[in-house]
Amino acid sequence: MSNKNGVVSSSMWMMGLSISEKIFSFGIYILLARFLDIVEFGIVAFCVLFLEFLTLLINSGVREYLVTRKETSKLLINTCFISIMSIAVLLVAVFFQVFTYFLPEDSSPLLTEVLQVMIFLPIVSSFNTVQISILQRRLAFKQLSIRNLISTSIAGLVGVFFAYNGYGAWALVINKYTAVILNSLILQYLVRYIPSFQFSIAIFKECYRFSIPLLLSEILNFWSSRVMQLFVSIFFGPASFAILDIARKFSSLVTQISLTSLRPVCLSFVSKAPTGEKGTSHSNFSAYIAFFVVPTLISIGVYADSYVTLIFGPQWEPAITIIELLSFAALAQGLTWYFSLLLVVNEKTKQVFVWNMVFFVLSLMGGGVSFDLSFPQYITVQVAIINVLSAFKIYYLWKTKLISFENIKKSYLPVFLSTIFFVTISMLLKIYFFEPYKTDGLIDLILVSFLILVSLIIYMTFAYIIFREFFEGILNTIRKIKKVK
């Protein structure tokens, strides 16, 4: 019982610190965006995208292998450490030699220089894999979260200092290296792991038999979630890549704090539901969370022209159009965010892979037909794909009888109709109560916050009156979640 309480306590600590870290990181991100040129910002973001993929190739599966072993030994840990570091050095060396062949002929010399310096980041970060795995085995989530908060905070302030003093893209490079080095130092202090040259061929083979299937799945997941960034960087260049990054920042922060944080809760809630009620539990939970999150995501798009240049700086004005376009996918994403969890609970894991592949292929096709379009037109195509695919996901759940038509009518329909009402109210308030009094100053943020609050109150009042049963369902679900141990 004490172990279970320890896990819950550590998990709550992890969630709280993770949210704090994300909010602080967002503040640092805003300062860096204000100080840096769009192209410089985009160059570093482009480099980070591919270095994250390189890190994935090095580490994916090995950490899970270490964490899931019933017993570990120095030989096992050292074998994993030597394997990771050897592969890291090998891949970085190969990538260092060939990456210039994959860059556009007209790419900036700064892009080449930044990539040459940042290419060694995966080696440094790979050094931490064993230490993180050891702490996860100890259920030391609190220590891991504090470590991340400290390194992110200090590295962020260092990056802002150099950006303020005119270092441009190199300020972000310094920021990334500072974070990784601080992570390494803190983890080493916590774990006190000293590697030694012990290596087992048998353990090496077992580790990678375990890791390679996970790696293939992670590669697909990685590019499925980043296919938009990939095409933007290839077709439209670093500046557009930076604009997309800025455009997605507010919505990403909201989804990470809400939808992503509640993912384990949804999995536990649906898993513990009686066999015949899992679909109902899933559709209710998804709809109830979407009911609160979707209006926030829509508000980010409705009022984009009031805060983007004020917060990030006038150079980021092109991001307004992209934010407005992306907000058209808010409802679809909100309702299907936990789609894969219902498949997992019903032991249809192969279908999770299939749907990830479908999204990836459709996104590639969308990118393929968009090469001659403008940047906003490409985003429009991708938003259309997300909406259509999300509708098909709900149809698939109904067709395979994982949810019933009654679930759709009682859970998804109230959110859909309430969202349309919210959009209407938000646009009316913006046209008649914001536009006439817009000052292009800080007072606009106060007015926008007030209008969003008014919109939410009217929205919830409407839903309470029209969909009383839906509201009662939200309260009942909260009570059920409190009972889930």
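Scope of the values below: all heavy atoms of this structure, side chains included, with no hydrogens, waters or symmetry mates. Residue numbers run from 1 in the order of the sequence given.
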Measure the acute angle between the ring planes of [X] and [Y], then classify it against the limits of 30° and 60° as parallel, tilted or perpendicular.
X    : Y    : result
F375 : F236 : tilted
F53  : F222 : tilted
Y29  : F41  : perpendicular
F120 : F96  : tilted

Quick one: pull up [atom1] in [X] and [atom2] in [Y] and give me the separation to the nearest 0.5 Å.
X    : Y    : atom1 : atom2 : value
F434 : I452 : CZ    : CD1   : 10.0 Å
L157 : T152 : CG    : OG1   : 10.5 Å
L187 : Y193 : CG    : OH    : 13.0 Å
I443 : S306 : CD1   : OG    : 12.5 Å

Heavy atoms of other groups near [X] [atom1], more than 12 under 6.0 Å:
X    : atom1 : answer
K74  : NZ    : no
E317 : CD    : no
F328 : CZ    : no
F292 : CZ    : yes

Mark yes or no for whether [X], through its side chain, and [Y], through its backbone, hold a donor-acceptor pair below 3.5 Å.
X    : Y    : value
Q315 : A33  : yes
E324 : V302 : no
T79  : S200 : yes
N346 : K348 : no
N175 : A171 : no
S233 : L230 : yes
R226 : W223 : no
Y164 : L31  : no
K176 : M118 : no

Scan L343, L341, L342 and name whichever one has a side-chain contact (heavy atoms from CB on, under 4.5 Å) with F339. L343
Is the centre of the [X] ring less than 6.0 Å from the centre of the [Y] ring?
X    : Y    : answer
F204 : Y208 : yes
F50  : F95  : no
F235 : Y378 : no
Y167 : F161 : no

Do the side chains of [Y] and [X] get nearer than 4.5 Å, heavy atoms only?
X    : Y    : value
N183 : S125 : no
V114 : V173 : yes
Y307 : D444 : no
L76  : L66  : yes

Report the residues that fulfil side chain to side chain donor-acceptor pair (under 3.5 Å) with S184, sequence neighbours left out, ordered by chain and then residue number.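 S184: side chain to side chain donor-acceptor pair (under 3.5 Å) contacts with N128.
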Grab the two heavy atoms, one from [X] and one from [Y], that are nearest each other, plus how far apart they are.
X    : Y    : result
A332 : I386 : CB-O, 4.3 Å
V308 : A319 : CG1-CB, 4.3 Å
Q116 : I119 : O-CG2, 3.1 Å

No-hydrogen, no-angle side-chain donor-acceptor test under 3.5 Å, S340 and R263: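 Per modelled atom types, S340 and R263 side chains form a pair under 3.5 Å.
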Using a distance-only test with no angle check, is there a side-chain donor-acceptor pair under 3.5 angstrom linking S196 and N78? yes
Less than 6.0 angstrom from the centroid, inside 45 degrees of the normal: does R248 satisfy that with respect to the ring of F250?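 No, R248 does not lie over the aromatic ring of F250.
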From CA spacing to verdict: side chain to side chain contact (heavy atoms under 4.5 Å, CB included), V358, F392: CA-CA 11 Å; V358 168; F392 270 102; over 6 Å; no
Run I30 and F312 through side chain to side chain contact (heavy atoms under 4.5 Å, CB included) and show every step you take. CA-CA 6 Å; I30 290 173; F312 294 108; 3.7 Å; yes
